Amino acid sequence: METEVVIVGGGPAGIAVSAGLNHLSIPNIVLEKEDCYAPLWKKWAYDRLKLHIGKQYCELPLMPHPGSAPTFLSKDEFIAYLDAYVARFGVRPLCGKSVESASFDAGRGVWTVTARDVATGEEGTYVSRFLVVATGENSEGVVPEVPGLGSFPGDVLHSGRYKSGDKYAGKRVLVVGSGNSGMEIAFDLCNHGAKTAISIRGPFHVVSKEIVYLGMALGRYISLQLVDALALLLCKLQYGDLSEFGIVRPAEGPFALKAKTGRSPVIDVGTVGKIKSGEIEVMKVVSKVKGDEVTFADGRTRSFDAIIFATGYKSMARKWLKACTRSTHLSLHHSVTESFENSIDLLPSWLINLFSLFC
Ligand SMILES: NC(=O)C1=CN([C@@H]2O[C@H](COP(=O)(O)OP(=O)(O)OC[C@H]3O[C@@H](n4cnc5c(N)ncnc54)[C@H](OP(=O)(O)O)[C@@H]3O)[C@@H](O)[C@H]2O)C=CC1
Ligand SMILES: O=C(O)C(=O)Cc1c[nH]c2ccccc12
């Protein structure tokens with residue numbers, strides 16, 4: 001099948017690129033390996049999920065959220081927005097198409113993308129002038145190697161497959177990792193009556209969504225250093241020093257760190273209160289597992305019924321994106337920017353440059 005642009009990934013970014021191209025009448029195909037678009041939202045996100053940042057920072061090009069929408073959208077509200085967006089811009093992702101390879105023929109100036117149909121196993125080929133990688137950073141869960149984990153008799157799952165704490169009432173559950181997923185899952189487990197512990201490794205910032213909202217608004221007018229100074233002052237007033245609970249802040253402020261490294265601060269949904277009250281126990285890094293007993297770096301041990309690894313994600317694009325040499329990258333970058341130069345207002349540069357993350 002031939003088209004102008006193949007977009008790999010039918011999440012919000014892939015949908016937004018397709019909508020922008022449809023708006024300009026540029027033929028495109030979206031390939032999504034799961035059986036629906038935005039599967040992280042529609043199938044996998046946990047039940048209590050709400051967006052951490054205000055609706056004005058979570059909208060796709062050409063379609064703002066209505067004034068009547070709440071500032072912090074729930075998962076279902078965001079899915080309803082995506083459904084309306086796809087309908088409005090005629091985005092029709094091909095679902096159940098798992099991309100196996102994409103290579104660029106510099107001589108012909110075309111990409112050849114092969115995709116396996118997940119239901120039938122049949123291979124299809126798509127040829128295009130442009131390729132957009134929109135598979136995100138969260139395509140596969142990372143579970144660290146832990147000595148003895150195979151001997152653990154209970155449930156072991158990655159946070160990406162966690163839906164709710166309802167089946168863990170009365171159980172002893174260890175959450176490994178204290179990013180936004182781990183901190184919120186620990187809170188959810190505790191609310192559902194699980195005896196919850198969280199394993200914390202490195203330093204991280206805890207902020208409230210109101211502080212982030214204020215910081216993002218002020219960031220348009222004042223420097224990041226000033227925003228951080230104010231945010232840290234508000235955090236100190238709200239949370240105090242959390243080091244006695246095993247939570248230590250990085251040397252750099254939350255907004256500077258986000259801008260420099262992309263790393264998000266933890267936006268507290270109530271977990272800190274439960275850690276302070278002792279309802280959630282903080283543990284060090286896991287050093288080994290033997291049966292249901294887990295040993296931590298400080299030598300403490302505890303028995304658990306389940307372990308949830310909230311240890312982050314990795315992109316899988318390197319597996320199928322072939323021949324992405326520096327020269328391919330440069331010519332691709334050149335042709336994409338050239339092609340989109342008239343639509344730069346419609347498609348923000350972060351979308352156009354998605355692919356450069358992988359090259
Ligand atoms: N409502 C929302 O908007 C939500 C947004 N998100 C976002 O989704 C993205 C993914 O978040 P998340 O799933 O939390 O992943 P992250 O990559 O953000 O966090 C992974 C966490 O796992 C820790 N970790 C990794 N390996 C180990 C280990 N061996 N032992 C102990 N800890 C370990 C890391 O610690 P260390 O810091 O030491 O590396 C880090 O705290 C982020 O951008 C996040 O902000 C997530 C949930 C909700
Ligand atoms: O909740 C997340 O995962 C975020 O990354 C939210 C976020 C986006 N931009 C920010 C800037 C400062 C602090 C949080 C965020």
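Counting starts at 1 for both ligands and their atoms, in listed order. Counting begins at 1 with the first residue of the sequence. Please read all numbers here as calculations on a predicted model, not as lab measurements.
- Closest to atom 37 (O) of ligand 1 by heavy atom, among Met283, Arg263, Lys258, is Arg263.
- At a heavy-atom cutoff of 4.0 Å, ligand 1 is contacted by no atom of Phe204, backbone or side chain.
- With ligand atoms numbered from 1 in the order given, ligand 2 contributes 6 (C), 7 (C), 8 (C) to contacts under 4.0 Å with heavy atoms of Ile53.
- Of all atoms in ligand 2, numbered sequentially from 1 with element shown, those under 4.0 Å from a heavy atom of Pro265 are 13 (C), 14 (C).
- Distances from ligand 1 to the non-hydrogen atoms of Tyr46 include at least one value under 4.0 Å.
- Comparing heavy-atom distances from atom 8 (O) of ligand 1 across Leu49, Leu73, Asn138 singles out Asn138 as nearest.
- Considering only non-hydrogen atoms, atom 44 (C) of ligand 1 lies nearest to Asn180 out of Asn180, Ile185, Val143.
- Those atoms of ligand 2 that come under 4.0 Å of a heavy atom in Ile267, given as number and element, are 1 (O).
- By heavy-atom distance, the residue among Gly141, Gly182, Ala297, Gly312 lying nearest atom 16 (P) of ligand 1 is Gly312.
- Near His52, the atoms of ligand 2 lying under 4.0 angstrom from a non-hydrogen atom of the residue are 1 (O).
- Contact annotation for Phe255 and ligand 2: only side-chain heavy atoms (C-beta onward) come within less than 4.0 Å of the ligand.
- Contacts of Val207 with ligand 2, taken as heavy-atom pairs under 4.0 Å, are absent altogether.
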